[in-house]
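Report on one structure; see the data block that follows.
Numbers restart at 1 for each chain; the letters A, B, ... are given by sequence-line order, proteins then strands.
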Amino acid sequence: MNRVADAVGRWAWIPLLALSVGALSWGLSTGGFETVKDWFGQLCTSCIGLTWR
Amino acid sequence: MKCPPHRSPWLARRGWVQAVSTVVLNLAFLRFLAPLKSAGGFCFPVLNCWACPGAVTSCPLGALQHAAGEARLLVASGTSWLAVIPYYILGTLFIFSVTLGRFMCGWLCPFGWLQDLLAKLSKYKLRPPPWAGYLRYAFLVGLVLVVPYYTSVQWFSKICPQGALQGGLLQPLLHPELRGGIGAWWWFKEAMLVAWLLSFVFVRRPFCRLMCPLGAIFSLFYGLSVLQIRVDPHKCVDCGLCEQVCPAGLNPREQVSSHLCISCLECQRCPQGAIAAVPVWRKDRREETVGLEEQVP
Ligand code: SF4
Ligand code: SF4
Ligand code: SF4
């Protein structure tokens with residue numbers, strides 16, 4: 001059992017990285033980049049702390 | 001005890017790497033590079049506020065809060081849960097978490113650099129209790145995901161000190177027309193920034209340790225990410241030097257590569273060579289830990 005846990009600890013990064021790259025590619029192909037760009041297209045009043053708008 | 005020099009020129013230049021990273025992430029301050037600002041969709045996972053007039057990358061925490069706020073409206077209008085997951089933001093975050101992990105915090109984050117700089121002003125340091133490190137997960141779940149989901153307001157951004165510094169101070173300074181929007185909340189936010197800046201002098205990396213949700217996301221991967229740091233107990237002579245130099249205020253003998261370690265590698269100054277960075281697939285082979293000279297060109 002310990003050997004299994006040890007192997008998971010050492011090699012889990014490979015499937016995790018593959019999943020993350022998959023998520024990123026899917027996100028890009030479904031317009032994720034443009035969506036984020038739209039959100040940040042105007043000044044963020046929350047970040048700046050301004051009270052209007 | 002006198003601190004020995006780094007055995008690698010790269011490690012000795014961590015401050016310079018942090019400075020270069022801060023400049024590169026804010027290149028739009030240069031007039032001829034200002035068009036870079038329009039590429040706002042590019043998320044880079046360090047705490048560098050997109051509201052900064054010079055920022056060229058967007059903050060994944062801001063993006064996650066927007067995504068959470070939109071998710072509720074989309075689900076209410078019949079969109080499936082699978083379709084509202086922000087794959088692009090999560091994919092970016094997880095790729096950096098799995099590969100570099102908290103190396104981002106130790107070497108590339110501008111807000112981490114600011115904390116390291118102010119920490120040099122005093123030798124007297126307060127030490128927060130170990131459990132305080134878990135508050136970061138509460139900020140992540142509460143103010144980045146759940147509250148923005150129900151209110152569609154970016155509540156973490158509302159209290160983020162990096163926003164107060166890079167956006168709150170610089171935007172009204174450079175754009176006088178914005179000053180009309182300054183009200184009670186702005187003053188409150190800037191007062192919190194002052195309190196944080198003071199704490200940076202007397203506590204090591206307090207924001208990273210108590211509040212940063214981005215560091216919390218990296219920490220979720222701390223045992224699995226490619227870069228690991230290990231102590232060889234056979235070489236350690238318990239001199240305590242590593243504890244003295246750790247900018248995160250940890251005891252590296254017990255906490256190196258823990259969820260609070262920022263992977264800065266400062267503890268590799270160990271005169272016995274007991275601490276070394278190793279790839280995760282070699283992480284338990286302590287006797288064979290790769291020496292510093294082999295790790296860093
Ligand atoms: S934990 Fe600290 S260094 Fe890491 S992203 Fe947050 S502010 Fe930056
Ligand atoms: S790891 Fe190195 S620096 Fe730290 S206590 Fe042991 S011998 Fe000293
Ligand atoms: S334990 Fe070592 S690598 Fe981790 S934060 Fe402290 S000095 Fe840096």
Point to revise | Stepwise side-chain contact (heavy atoms from CB on, under 4.5 Å) check, A:Thr35 with B:Tyr88 | key: CA-CA 10 Å; A:Thr35 308; B:Tyr88 163 60; over 6 Å; no
What's the shortest heavy-atom distance between [X] and [Y], and which atoms?
| X | Y | value |
| --- | --- | --- |
| B:Ser58 | A:Val36 | OG-CG1, 3.8 Å |
| B:Gly167 | A:Ile48 | O-CG2, 3.6 Å |
| A:Trp13 | B:Leu224 | CB-O, 3.4 Å |
| B:Arg282 | A:Arg10 | CA-NH1, 4.2 Å |
| A:Ser20 | B:Val98 | OG-CG2, 4.5 Å |

Practice item. Output the option from A:Ala23, A:Ser46, A:Gly49, A:Gly27 having the highest count of non-hydrogen pairs under 4.5 Å with chain B. Key: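 Highest number of pairs under 4.5 Å: A:Ser46.
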Is it the backbone or the side chain of [X] that comes under 4.5 Å from a heavy atom of chain A, or both, or neither?
| X | answer |
| --- | --- |
| B:Ala164 | backbone |
| B:Ile89 | side chain |
| B:Gln171 | side chain |
| B:Gln65 | neither |
| B:Lys189 | side chain |
| B:Ser97 | neither |
| B:Cys59 | backbone |
| B:Phe188 | neither |
| B:Ala83 | neither |

Could you state the interatomic distance from [atom1] ([X]) to [atom2] ([Y]), rounded to the nearest 0.5 Å?
| X | Y | atom1 | atom2 | value |
| --- | --- | --- | --- | --- |
| A:Cys47 | B:Gln166 | SG | CD | 9.5 Å |
| B:Leu93 | A:Leu24 | CG | CG | 10.5 Å |
| B:Leu178 | A:Thr45 | CG | OG1 | 10.5 Å |
| A:Leu19 | B:Ile95 | CG | CD1 | 10.5 Å |

Point to revise | Parallel, tilted or perpendicular: ring planes of B:His66 versus A:Trp39, cut at 30 and 60 degrees | key: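 Parallel, since the angle between the ring planes stays under 30°.
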**Study point:** Top contributor to chain A contacts, counting heavy-atom pairs under 4.5 Å, from B:Gly62, B:Ala63, B:Cys49, B:Gly163
**Key:**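 So the answer, after comparing B:Gly62, B:Ala63, B:Cys49, B:Gly163, is B:Ala63.
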Check your understanding: Within the side chain of A:Trp26, is there an N or O that forms a donor-acceptor pair under 3.5 Å with the backbone of B:Tyr87?
Key -> no
Check your understanding: So which part of A:Trp11 gets closer than 4.5 Å to some heavy atom of chain B, the side chain, the backbone, both or neither?
Key ->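 The answer is the side chain of A:Trp11.
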